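Hydrogens, waters and symmetry mates are skipped; everything else that's a heavy atom, side chains included, is used. All of these numbers come straight from a predicted model, not from anything done at the bench.
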There are 2 protein chains.
Amino acid sequence: MALSHAIMTALLEEPLSGYDLAREFETSLGFFWHASHQQIYRELRTLAERGWLEAEGVAQAGRPDKIVYALTPAGRAALDQWVAGPSRHKPAKDDLLVKLYNVGASDPAPVVAELRERLETHRRNLALYRRIRDRHYRDPRSLPPRRQGIYLALLAGIRGEETALAWCEEAIELLAPLAES
Amino acid sequence: MALSHAIMTALLEEPLSGYDLAREFETSLGFFWHASHQQIYRELRTLAERGWLEAEGVAQAGRPDKIVYALTPAGRAALDQWVAGPSRHKPAKDDLLVKLYNVGASDPAPVVAELRERLETHRRNLALYRRIRDRHYRDPRSLPPRRQGIYLALLAGIRGEETALAWCEEAIELLAPLAES
DNA sequence: GAGAGATATGCAACTTTTTGCATATGATCG
DNA sequence: CGATCATATGCAAAAAGTTGCATATCTCTC
């Protein structure tokens, strides 16, 4: 399972609580690997049991107490090993692409409407990613190695959104005439 | 579940056996929605029970008998309704992008090696998709509606591979110096 | 006739993800 | 004081996907 390793990766820099991690998985790392808080809390307990993480309860004033998880040496070793092993790419599954196969058989109007919505989503994502790049990753070559890796992940996001955006425009242009008639 | 609808989509043109469908899901539709034959056979039985498909045993000479599934009017209606409803985009999950966050903490060499392999995969996919486009979708505007939709799905594949390919090259260029030292 | 390979279909166990629900603390605002 | 929101953690059931195994027909080649 790779969720465990994604979590450990997020803990490389500093110990975090499940709540923190859940937010991490909604931004940064989450752009490329989504996980719900239910998944995260469950996985954290599993990893702590296995000895890859260490849990520490932290009492807080002004807010509910929390449990902070830190990477153990064993976890660190497992992570290294995972990085050295083969990767799995699970391609995106997109209803919309399947629906395109139905154009001509079903009404294309909702598909076009969906494309327009998605266009906006890609615009927003792209703007966000570019803002992050401009703020933190202006000159990739002068970054320390770790940041270069993160930069590349971000770059994948940017390129992906650019491509998806352009494709949406092209698709709308081609299908709009069908939807109007 | 969308697998059911992907299967029905594949049956829009003509009735197919589970085996045929499994191959369909390894090419055409399968570029955007992967499914194993185990999943497909299971789903086919479920759909037939629900009345969305009709199963017909076909005796064959020269090869094992098969079961051919056809879309029923009820299935057709369900498909229309699905097309009109909201779509879900499940973004890709890619170990490699998570591993990039580990560059600087773990040895980057295997990551670079993986990037090189992936570069080749993208090259192959791109060549394949382009071949299909050149053969069957040369002039998209003059295609009948149904084929236009399929063309757009193919185009999404082409653009995606182009982007991924270029990104791999950029990533290798940036990380190669780190891996050598 | 033995073996490999395409065709054809399936079970069972397991892992992973999704969905819906549940709970509790403390801050802030009206 | 009540409502709402951010913080913080979790259970349980269902759906979806993966993995490993199993079986059978028929063709073609050695």
Side-chain angles (χ1 to χ4, degrees), chain A residues 1-7 10 15-27 29-30 32-50 53 55-69 82 86-95 98, chain B residues 1-8 15-27 29-30 32-50 53 55-69 82 86-95 98:
Chain A
M1 185 178 14
L3 173 58
S4 52
H5 296 95
I7 287 175
L16 294 170
S17 71
Y19 191 80
D20 296 332
L21 279 164
R23 276 195 315 189
E24 190 79 4
F25 276 87
E26 267 171 19
T27 54
L29 246 186
F32 318 110
W33 196 283
H34 184 264
S36 64
H37 70 96
Q38 291 95 332
Q39 259 179 296
I40 290 168
Y41 285 120
R42 192 164 0 97
E43 195 64 30
L44 282 172
R45 273 170 276 138
T46 309
L47 287 172
E49 259 180 55
R50 200 182 303 170
L53 298 185
E56 189 196 0
V58 173
Q60 294 193 112
R63 37 172 81 176
D65 298 346
K66 64 180 176 182
I67 305 167
V68 168
Y69 292 87
W82 173 73
S87 299
R88 313 191 34 167
H89 175 66
K90 227 175 116 176
K93 285 196 172 178
D94 192 346
D95 280 15
V98 177
Chain B
M1 185 180 11
L3 173 59
S4 52
H5 296 95
I7 287 176
M8 289 195 286
L16 294 171
S17 69
Y19 190 80
D20 295 332
L21 279 164
R23 275 196 315 187
E24 191 80 3
F25 275 87
E26 267 170 19
T27 54
L29 247 186
F32 318 111
W33 196 284
H34 184 263
S36 64
H37 71 97
Q38 291 95 331
Q39 258 180 297
I40 290 168
Y41 285 118
R42 196 174 340 111
E43 194 65 29
L44 282 171
R45 272 171 276 140
T46 308
L47 287 171
E49 258 180 55
R50 201 183 301 172
L53 298 184
E56 190 196 359
V58 174
Q60 295 192 112
R63 35 172 84 175
D65 299 347
K66 63 180 175 181
I67 306 167
V68 168
Y69 292 87
W82 173 73
S87 298
R88 312 195 32 171
H89 175 65
K90 227 174 114 177
K93 287 195 172 178
D94 191 346
D95 280 15
V98 177

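- The distance from atom CD1 of A:I40 to atom P of D:dT7 is 15 Å, rounded to the nearest whole Å.
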query: Can you check side-chain contact (heavy atoms from CB on, under 4.5 Å) on B:V58 and B:D65, steps first, answer last?
result: CA-CA 6 Å; B:V58 174; B:D65 299 347; over 6 Å; no
Walk me through it: do A:L47 and A:Y69 pass the test side-chain contact (heavy atoms from CB on, under 4.5 Å)? CA-CA 10 Å; A:L47 287 172; A:Y69 292 87; over 6 Å; no
What are the atom names and distances for every N/O pair under 3.5 Å that joins the protein to nucleotides 11-15 of chain D?
from, atom 1, to, atom 2, distance (Å)
D:dC11, OP2, A:R45, NH1, 2.5
D:dC11, OP2, A:R45, NH2, 3.2

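- B:F25 has its side chain within reach of B:L3: a pair of non-hydrogen atoms, C-beta onward, lies under 4.5 Å apart.
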Whether each nucleotide of nucleotides 23-29 of chain C has a protein heavy atom under 4.0 Å at its base (B), only at its sugar-phosphate (S) or at neither (-) is summarised, 5' to 3', as --BSS--
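- The interatomic distance linking B:K66 (NZ) with D:dT23 (P) rounds to 25 Å, in whole Å.
- Within the structure, every side-chain polar atom (N or O) of A:Y41 is placed at least 4.0 Å from both OP1 and OP2 of D:dG10.
- Rounding to whole angstrom units, CD1 of residue A:I67 and P of D:dA8 are separated by 12 Å.
- For A:R23, no side-chain nitrogen or oxygen approaches OP1 or OP2 of D:dA8 to under 4.0 Å.
- What separates CG of B:L21 from P of C:dA8 is a distance of 12 Å, to the nearest Å.
- Of all heavy-atom pairs between A:A10 and A:L16, the closest is O-CD1, 3.8 Å.
- Under 4.0 angstrom from either OP1 or OP2 of D:dT9 there lies no side-chain N or O belonging to A:Y19.
- Remark: A:E26 CD to A:H34 NE2 distance equals 5.5 Å, nearest 0.5 Å.
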Evaluation steps, side-chain contact (heavy atoms from CB on, under 4.5 Å), between B:I7 and B:S4 = CA-CA 5 Å; B:I7 287 176; B:S4 52; 5.8 Å; no
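- At whole-Å resolution of the value, CG in A:D65 and P in D:dT9 are 9 Å apart.
- The side chain of B:K93 sits closest to C:dT17 out of C:dT17, D:dG17, D:dT9.
- Nearest heavy-atom pair, B:Y41 versus B:G18, reported as atom, atom and distance to 0.1 Å: CE2-CA, 3.6 Å.
- Atom CD in B:E26 sits about 11 Å away from atom P in C:dT7, given to the nearest Å.
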**Request:** Begin from the C-alpha positions of A:D95 and B:W82 and carry the test side-chain contact (heavy atoms from CB on, under 4.5 Å) through to its verdict.
**Result:** CA-CA 10 Å; A:D95 280 15; B:W82 173 73; 3.8 Å; yes
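- Rounded to an integer number of Å, the gap from CD of B:Q39 to P of C:dT15 is 17 Å.
- At whole-Å resolution of the value, CZ in B:R88 and P in D:dG17 are 10 Å apart.
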